[in-house]
Each structure stands twice: as structure tokens, then as C-alpha cells.
Engineer: 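Let me begin by handing over the structure; questions about it come next.
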Amino acid sequence: MSLANLMSKAEEKGSRLILALDLLGPKDYCSSRAVYLLSILRDYVIGVKIGHPLTLSIGIKGVLDIIKQYSSEYFFIADFKLADVPHIMKATVKVLVDMGFNAVITHLFPMSIDELVPFSHGLNASIIGVLMMSHKGAILFEKNLSVLLDYARGVGVDGVVVGATKPMYIKLARERLNRDQLIFAPGVIRQGATAGEALKFGADFEIVGRAIYEASDPLLSARRIVESEREALHDQ
Ligand code: BMP
């Protein structure tokens with residue numbers, strides 16, 4: 001499924017919110033918590049990012065079951081931040097797409113995804129490259145941003161990740177990427193960025209984890225984030 005489908009879901013639900021489902025802990029608890037969250041958040045969340053935490057907690061079969069159950073409601077993004085040689089990247093993406101993931105996050109810095117992007121499109125899946133991480137001290141990304149940006153644009157990734165904590169880089173990425181290359185911004189609330197702020201700087205989606213799945217009322221938290229996003233987009 002292409003990111004155009006994610007944008008259609010965004011328009012349908014009036015939301016730019018992607019849930020980082022980073023549950024870690026006992027298998028049965030994490031499986032039932034994941035199912036509970038996805039069953040209550042459908043009005044506000046458009047995509048679900050799954051990576052090492054949930055996969056290590058509930059296993060591949062557990063992840064497969066969740067994707068199968070919710071594939072019509074959410075866009076599923078595999079976040080294992082792949083960074084390998086081209087043939088391993090392709091083989092890994094094929095397995096993830098066979099599991100039902102619609103997009104896969106890869107690192108850009110190994111510069112090994114030239115062939116992966118068209119390969120993934122042939123599988124009807126999208127590739128999202130990590131352009132700028134949200135944490136302080138990601139200086140290698142800062143020093144090499146221009147090279148990574150040119151690479152991301154040149155290979156035609158469908159999207160990039162840029163930390164919501166670093167809005168000036170979101171602005172720069174928006175200026176330098178093609179308009180159909182979408183920007184995903186993690187780092188909202190718990191890492192310091194305000195909900196909706198990244199969108200004002202040109203991000204297309206916000207990725208939020210703990211502020212929702214650790215909230216005493218996850219639905220209320222998701223609703224408030226989406227309301228802030230709507231205001232941010234309305235003010236533009
Ligand atoms: P939280 O909202 O709980 O801080 O989670 C952020 C999510 O975004 C995590 O899944 C993390 O792996 C991811 N992420 C990030 O925080 N910064 C980045 O630069 C890249 C990420 O993928």
C-alpha cells in the first residue's frame with residue numbers, strides 16, 4: 001500500500017497521528033494491550049508503527065495476528081531501522097511486506113536502498129528513510145544532512161523521518177524534498193515537541209508513542225493530539 005493510502009486515511013479521519021506501539025513486557029499483557037489500544041483508537045489514529053519493542057514482546061506471530069486483525073483500519077509501518085547491504089535489505093523488506101506491513105523504515109546512511117525503493121514499489125509497499133533523529137547528540141545526522149537529503153530525494157524514498165524536536169530540519173527537508181515525499185515526525189510530547197508543531201513546519205504526520213500508550217486515558221490523549229493537529233493545520 002502506498003503512502004497515498006495513508007494520506008487518504010488522514011483525510012478521512014482528519015488526523016495526522018501515527019501510533020508508535022512500543023509495548024514491552026510479558027507476551028499476554030502486551031498482546032491484549034495492543035488489541036485494546038487499536039480497538040479504541042480507530043477514530044483518531046491512522047497508522048501504527050511497530051518495531052523491536054512489541055516484536056520482542058509478542059513475537060512475529062503475535063505481530064502478524066495484530067496486522068491481520070486491523071489491516072483495513074490502520075496503515076502498518078515496520079520500524080526496524082534497517083541498515084544493511086542491498087540484497088539483505090530486499091530480502092528483509094519482502095518478509096515484512098508478506099507479514100502485512102505497508103511501509104518499512106530504513107536508514108539512509110548506508111546508501112544501500114537505490115534498488116530497494118523500486119523493488120518495494122513492485123510489492124506495493126513504501127520506503128521511509130531516517131533523515132534526522134529526534135534525540136540530542138545525533139550530530140552525525142546533523143553534519144551529513146545535506147548528503148542524506150540529496151540521497152533521499154535521488155533514490156525517491158516515499159517518506160523520511162525527521163524529529164519533531166528539530167523543526168528547523170523539518171522546514172529544510174520540506175524545501176528540499178519533492179512534495180510527494182512525506183515527512184514523519186516523532187518526538188512529540190514525551191521528547192518535548194508540542195502536538196501539531198511539526199505539521200506547522202511542514203511535516204505530514206506525527207508519530208506518538210508513550211504519550212498515548214502510557215496515558216491513563218489513551219483515547220483522550222489521542223483526541224487531544226488530533227485536536228492540536230487540526231488547529232495547527234487550520235492556522236496555516
Ligand atoms: P515516544 O513518543 O514514546 O517518544 O516514541 C517515539 C517513537 O518514535 C519511538 O518508536 C522511537 O523509536 C521513534 N523515533 C524517535 O523517537 N526518534 C527518531 O528520530 C526516530 C524514531 O523512529
Side-chain angles (χ1 to χ4, degrees), residues 3 6 15-25 30 33-34 37-38 41 44-58 63 66 74-83 96 101-110 113 126-145 148-149 152 157-170 172-173 182-199 201 203-216 218 220-226 228-229:
L3 292 190
L6 181 60
S15 161
R16 300 304 182 97
L17 177 57
I18 291 173
L19 173 67
L21 197 53
D22 294 329
L23 305 175
L24 250 184
C30 290
R33 183 81 180 151
L37 288 168
L38 297 194
L41 293 172
Y44 298 110
V45 167
I46 56 172
V48 179
K49 182 174 85 66
I50 293 178
H52 293 105
L54 188 68
T55 310
L56 293 172
S57 300
I58 69 174
V63 171
I66 286 173
Y74 299 104
F75 187 92
F76 281 93
I77 302 173
D79 181 13
F80 300 95
K81 296 191 179 65
L82 305 177
L96 292 168
F101 281 107
N102 307 115
V104 177
I105 296 181
T106 70
H107 269 299
L108 294 164
F109 68 79
I113 61 169
S126 300
I127 295 295
I128 301 166
V130 179
L131 185 61
M132 171 58 67
M133 294 195 74
S134 56
H135 60 292
K136 275 195 204 128
I139 51 173
L140 288 181
F141 286 93
E142 296 182 15
K143 284 186 180 155
N144 294 289
L145 184 70
L148 294 173
L149 254 173
V157 288
D158 303 283
V160 295
V161 174
V162 182
T165 48
K166 301 181 180 176
M168 62 287 194
Y169 293 118
I170 295 177
L172 184 70
L182 303 179
I183 299 176
F184 294 75
V188 176
I189 302 177
R190 290 292 288 270
Q191 294 181 46
T194 308
E197 195 189 347
L199 304 179
F201 283 83
D204 297 284
F205 305 104
E206 293 186 315
I207 297 174
V208 184
R210 290 164 293 172
I212 297 174
Y213 67 74
E214 286 182 356
S216 54
L220 179 63
S221 170
R223 200 182 82 205
R224 286 196 175 136
I225 292 167
V226 169
S228 301
E229 291 178 343

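Count residues from 1 along the sequence. Numbering of ligands and ligand atoms starts at 1, following listing order.
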Engineer: Under 4.0 Å from ligand 1, counting heavy atoms only, is it the side chain of His135, its backbone, both or neither?
Structural biologist: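 Looking at His135 and ligand 1, no heavy atom falls under 4.0 Å.
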
Engineer: Report the part of Gln191 (side chain from C-beta onward, or backbone N, CA, C, O) that has a heavy atom under 4.0 Å from ligand 1; answer both or neither where that applies.
Structural biologist: side chain

Engineer: Which pairs, with at least one residue in residues 187-196 and sequence neighbours excluded, count as a salt bridge (charged side-chain N to carboxylate O under 4.0 Å, His left out)?
Structural biologist: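 Of all non-adjacent pairs touching residues 187-196, those that pass salt bridge (charged side-chain N to carboxylate O under 4.0 Å, His left out) are Arg190-Glu214.
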
Engineer: Considering heavy atoms of the protein only, find what lies nearest to atom 11 (C) of ligand 1 and give residue, atom and distance to 0.1 Å.
Structural biologist: Lys49 NZ, 3.9 Å

Engineer: Main chain of Ile46, side chain of Ser15: is a donor-acceptor contact present, judged purely on distance under 3.5 Å?
Structural biologist: no

Engineer: Output the list of atoms in ligand 1 that are nearer than 4.0 Å to some heavy atom of Lys81, sorted by atom number.
Structural biologist: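 In order of number, 12 (O), 20 (C), 21 (C), 22 (O).
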
Engineer: In terms of atom number and element, which parts of ligand 1 are under 4.0 angstrom from non-hydrogen atoms of Ala20?
Structural biologist: 7 (C), 10 (O)

Engineer: Could you tell me the residue and atom name of the protein heavy atom closest to atom 19 (O) of ligand 1, and the distance to it rounded to 0.1 Å?
Structural biologist: Ser134 N, 2.8 Å

Engineer: Heavy-atom contacts with Asp79 under 4.0 Å: which atoms of ligand 1 show up? List them by number with element.
Structural biologist: 22 (O)

Engineer: Arg16 side chain to Ala203 main-chain N or O, any donor-acceptor pair under 3.5 Å?
Structural biologist: no

Engineer: Using atom types as modelled and distance alone, determine if a side-chain donor or acceptor of Ser57 lies under 3.5 Å from a backbone N or O of Gly25.
Structural biologist: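 Checked: pair present.
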
Engineer: For atom 8 (O) of ligand 1, what's the nearest protein heavy-atom neighbour? Residue, atom name and distance, please.
Structural biologist: Pro186 CB, 3.3 Å

Engineer: I need the nearest protein heavy-atom contact for atom 2 (O) of ligand 1: residue, atom name and distance, please.
Structural biologist: Gly209 N, 2.8 Å

Engineer: Please could you name the atoms of ligand 1 that Val208 approaches to less than 4.0 Å, counting only its heavy atoms?
Structural biologist: 2 (O)

Engineer: Looking only at heavy atoms of Glu214, does any of them come nearer than 4.0 Å to an atom of ligand 1?
Structural biologist: no

Engineer: Please check if the side chain of Tyr74 supplies one atom and the backbone of Leu38 the other of a donor-acceptor pair under 3.5 Å.
Structural biologist: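 Indeed, once roles are kept as given, a pair shorter than 3.5 Å links the two residues.
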
Engineer: Output yes when a side-chain donor or acceptor of Glu197 lies under 3.5 Å from a complementary backbone atom of Ala164, and no otherwise.
Structural biologist: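 It does not hold such a pair.
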
Engineer: Students often mix this up, so state it plainly: with edges at 30° and 60°, are the rings of Phe109 and His107 parallel, tilted or perpendicular?
Structural biologist: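 It falls in the tilted class, 30° to 60°.
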
Engineer: Find all atoms of ligand 1 within a distance of less than 4.0 Å from any non-hydrogen atom belonging to Arg210, and give their numbers and elements.
Structural biologist: 1 (P), 2 (O), 3 (O), 4 (O)

Engineer: Okay, side chain of Asp204, backbone of Ile183: is any donor-acceptor separation there less than 3.5 Å?
Structural biologist: yes

Engineer: Can you pull out every side-chain hydrogen bond (donor to acceptor under 3.5 Å, both in side chains) where at least one residue sits in residues 129-138? Sequence neighbours excluded, please.
Structural biologist: Ser134-Gln191

Engineer: For atom 9 (C) of ligand 1, what is the nearest protein heavy atom, given as residue, atom name and distance?
Structural biologist: Asp22 OD2, 3.1 Å

